[in-house]
Amino acid sequence: MCEMSDSEDDGVPQLSSHALAALQEFYAEQRQHADPAGAEKYNIGVIEENWQLSQFWYDQETARRLAEEARAAAGEGGRIACVSAPSVYQKLRELQGEAASSVCIFEYDRRFAVYGEEFIFYDYRNPMDLPKKVAAHSFDVVIADPPYLSEECLRKTAETIKYLTQGKILLCTGAVMEEVAAKLLGVKMCKFIPKHTRTLANEFRCYVNYDSGLDREL
C-alpha cells in the first residue's frame, strides 16, 4: 500500500516525500542493473544470471584464473574471444581496462550489448551466423562455455570455436562431455577445477589443446 500525503487536490492521491524518494531510489537501482556504467559495469553479477538461458556465473577466483590464463595464452596484444562466457569477459576487462588487448564477447543475451562494439550477438544453434567483421581465425585464443550439457550444443559451439581461433582453445563444460570434447576439439581435461557462485548438480571441468597453466596444479 502506498503512503499518501495529506494533500488530496482534485481527489488524486499523491506519494509523500519519503515514499517518492524511496521510489526514485528503486528506479535508479533498476537503471543501474539494466545499464551499468563506469568501472562497476564489469563486475561479475552486475548483470544477473538468467536461469532460463542456463546462465551460471563463475566465482571470483575461477573468473580470475580463467582470465589470466586467456591473457597468457593470447600473449601481449593478442585477441581473445569469450564465447558464452560473459563472466570471464567481465573479469578480463576488470583486470585489463578498456584500452588493453582486444576482447570480444559472443553472447545470446542482449543485455550484454551494454559493452558496445565488443558485444557480438551469438546463437549456438546458428554457429556460423556471425557478422562479416568477424574474420576466420582472427583470435589468438577462444574461451568457450557452451550453455547446455548436450552433444548437439557442444558440436555446434565447436564449429564457432574452430572458425574463430588461430589454434588455442580453452573450453569449460561438464566432466561428462570429456570424450565428446576430445573428439570434436582435440582438447584434454585440466587439473584446475572451475567453480561457480552457485552449486551445480554436474561436475564442471576445463579443457585445453595447448600447454596450459591450468594443468599444473592439483
Atom [atom1] of [X] and atom [atom2] of [Y]: how far apart are they, to the nearest 0.5 Å?
X    : Y    : atom1 : atom2 : answer
I169 : L185 : CD1   : CG    : 4.5 Å
L214 : C190 : CG    : SG    : 5.0 Å
L66  : C172 : CG    : SG    : 5.0 Å
E118 : I80  : CD    : CD1   : 10.5 Å
I143 : I105 : CD1   : CD1   : 11.5 Å
F112 : F106 : CZ    : CZ    : 15.0 Å

Tell me, do [X] and [Y] make a side-chain contact under 4.5 Å, heavy atoms counted?
X    : Y    : answer
M177 : L149 : yes
L184 : L154 : yes
Y89  : K91  : no
T165 : H137 : no
L171 : V208 : no
M128 : E159 : yes

Is there a donor-acceptor pair under 3.5 Å between the side chain of [X] and the backbone N or O of [Y]?
X    : Y    : answer
T157 : C153 : yes
D59  : T62  : yes
Y163 : A136 : yes
R79  : S138 : yes
S87  : A63  : no

- Query: Are R93 and Y115 in a cation-pi contact, defined as NZ or CZ under 6.0 Å from the six-membered ring centre and within 45° of the axis?
  - Reply: no
- Item | Hphob cluster co-occupancy, I193 + V88, side-chain heavy atoms under 4.5 angstrom |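 No, separate clusters.
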Nearest heavy-atom neighbours spanning [X] and [Y]:
X    : Y    : value
P127 : T160 : O-OG1, 2.8 Å
Y207 : G174 : OH-O, 2.9 Å
E107 : P86  : OE1-CD, 3.6 Å
A181 : V187 : O-CG2, 3.5 Å
A67  : L95  : CB-CD1, 4.0 Å
N209 : G167 : ND2-O, 2.7 Å

- Message: Show every salt bridge (charged side-chain N to carboxylate O under 4.0 Å, His left out) that has at least one partner inside residues 136-152, sequence neighbours left out.
- Response: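 Qualifying pairs: E152-K156.
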- Task: Let me see the working for R65 and F192 under side chain to side chain contact (heavy atoms under 4.5 Å, CB included), right down to the final yes or no.
- Result: CA-CA 9 Å; R65 284 296 309 275; F192 175 72; 3.8 Å; yes
- Answer yes or no: is there an ion pair linking E69 with R71, defined by an N-O contact shorter than 4.0 Å? no
- Task: Kindly indicate, with the supporting measurements, whether the criterion side chain to side chain contact (heavy atoms under 4.5 Å, CB included) is fulfilled by D129 and D123.
- Result: CA-CA 8 Å; D129 186 10; D123 184 346; over 6 Å; no
- Item | side chain to side chain contact (heavy atoms under 4.5 Å, CB included) between L130 and Y122, worked out | CA-CA 7 Å; L130 300 171; Y122 172 69; 4.0 Å; yes
- Item | Flag if over 12 foreign heavy atoms under 6.0 Å of CD, E117 |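 Open: at most 12 neighbouring heavy atoms sit under 6.0 Å from CD of E117.
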- Task: Would you check, one step at a time, whether the test side chain to side chain contact (heavy atoms under 4.5 Å, CB included) holds for I120 with V134?
- Result: CA-CA 9 Å; I120 297 171; V134 180; 3.6 Å; yes
- Query: So, D215 versus S212: side-chain donor-acceptor pair below 3.5 Å or not?
  - Reply: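 Their side chains do not contain a donor-acceptor pair, so the 3.5 Å distance test is not met.
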- Derivation of the salt bridge (Lys or Arg N to Asp or Glu O under 4.0 Å) call for E179 and K183: CA-CA 6 Å; E179 291 186 9; K183 178 181 178 181; over 6 Å; no
- Parallel, tilted or perpendicular, as decided by the 30° and 60° cut-offs, for the rings of Y108 and F121: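 Plane angle between 30° and 60°, so tilted.
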